[in-house]
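This report concerns only the one structure given below.
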Amino acid sequence: MTYGSEQVNSLPPYLFSIFQQKKKALQQQGIDVIDLGIGAPDLPTPSFIIQRLTEEAHKPENHKYSPYGGCLEFRQAVADFYHKHYNVRLDPETEVLTLIGSKEGIAHMISAVINPGDGVLIPDPGYPVYESAVHLAYGRGIPLPLDEKKGYAPAFHAVSRPDLERSKLMLLNYPSNPTGATVELDTFDEAVAFAKNHHFCVAHDAAYDLVTFADYQAPSILQVPGAKDVAVEFGSLSKSFNMTGWRIGYVVGNAELIRALSTVKSNMDTSQFLPIQKAGATALNSDFSCVTANNAIYQKRMETMHAAVEEMGMKAEKPRGTFFLWAKVPDGYSSQAFAEKMLDEAGVILTPGTAFGKRGEGYVRISLSVPSNRLNEAADRMKQLKSGGAP
Ligand SMILES: *Cc1c(COP(=O)(O)O)cnc(C)c1O
């Protein structure tokens, strides 16, 4: 007899915790562990955003409940951002909703859309929250294979007909966690057409939309003509403005999907603290020079780590976005065995690709969100290990 529900007790095990336990044990022995398993920025929130938060926090009218769907200033800022950045027009009242972080919105969207037993196509490899959220909503997670040979574009036609028939929702994520894969608009064209043909909807997770390098600009799925018929897109200030702890994000697109999500949410929460929403609006209304500066830091770190990985004889594509490097493990190792070796022998935590699905086998995810001196130290340790052969 346990208190947790069947859904809770049967959640897939959280792979990260094993490494965190080992990290603690090693640190207790006095070993200096560098954690490149972290999926959140190490850099601080820009001060102009904090400034707005503190100003608004002093105003008593901001201490009351927010409107359920979020305050209009934030929703308008999201709509203006979409117009300026993607040339997509959105109605802030019906096509934009404030979220308490995009993770919250993605999980609640799944329960707002599916009936028990419905299928949800989930990118493999992909962000583990998708699978857990589908499971908690009594859905059935169906892997959507990402084609390694095509830069991890979705292999739409690899999904079987019965699986397509039972599916109600498809999740996508570009720039991608964990692979760092990016796409051009034609991938979203295909996704929208595919969803329309098979009568399901699409939720695109754009958590890394602004974390991009050099000339690359990540497209929005809403730039596809007619995308609003079937698609929503989730955005977050967490990664682009270093605001993970603030819990502020949004969803945009199809008004009916947004209404369904809003119904779930209005019975669970009362949106985010108003000063946080207003500070979020200030971030989205800014000139994004802080984002560009961050991206330059990530790109430099990426070059450092990419060089180290190549020197170790491992292969990795240089990503055009995110703060992850997705590297193939040396021959003779599983993802898990290689990650364990790196922790035991170099004191460096990497995330085994299998934490992100079956198709992550053979890879590790290397996070670049640690201070540059620590990243350089990790790269040096990894290079020194290169002589070690396979077990
Ligand atoms: C970090 C992350 C999120 C969650 O972001 P929040 O807005 O902080 O909840 C969603 N999707 C992916 C792929 C992420 O890496």
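Throughout, numbering of the chain's residues begins at 1 and tracks the sequence. Hydrogens, waters and symmetry mates play no part in the numbers below; they use all other heavy atoms, side chains included. This structure is a prediction, so every number in the text was calculated from the model and none was measured. For ligands, and for the atoms within them, numbers begin at 1 and follow the listed sequence.
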Show the atoms of ligand 1 that are less than 4.0 angstrom away from any heavy atom in K103. 6 (P), 9 (O)
Between ligand 1 and Y130, is the shortest N or O to N or O distance under 3.5 Å? no
If we number the atoms of ligand 1 from 1 as shown, the ones under 4.0 Å from a heavy atom of D205 are 10 (C), 11 (N), 12 (C), 13 (C)
Distance filter under 4.0 Å to K239 heavy atoms, resulting ligand 1 atoms: 1 (C), 2 (C), 3 (C), 14 (C), 15 (O)
Option from D380, D35, D32 for which salt bridge (charged side-chain N to carboxylate O under 4.0 Å, His left out) with R374 holds: D32
Short version for S102: what comes under 4.0 Å of ligand 1, heavy atoms counted, is both
Salt bridge R259-E256, side-chain N to carboxylate O under 4.0 Å: no
Would you please indicate yes or no on a ring centroid separation below 6.0 angstrom for F200 and F194? yes
Which of the atoms in ligand 1, numbered in the order shown and given with their element, are less than 4.0 Å from a heavy-atom of R247? 6 (P), 8 (O), 9 (O)
Measure from the ring center of F324 to the ring center of Y208 and say whether it is less than 6.0 Å. yes
How about F234 and H204: are their ring centroids closer than 6.0 Å? no
Side chain or backbone of L237 under 4.0 Å from ligand 1, or both, or neither, by non-hydrogen atoms? neither
Report the nearest protein non-hydrogen atom to atom 8 (O) of ligand 1: residue, atom name, distance rounded to 0.1 Å. S238 OG, 2.6 Å
Is K228 salt-bridged to E95, going by a charged N under 4.0 Å from an acidic O? yes
With heavy atoms of G101 as the reference, note each atom of ligand 1 found under 4.0 Å away. 7 (O), 9 (O)
Backbone, side chain, both or neither: what part of Y208 comes under 4.0 angstrom of ligand 1, heavy atoms only? side chain
Using ring centroids (six-membered ring only for Trp), state whether F356 and Y130 fall under 6.0 Å. no
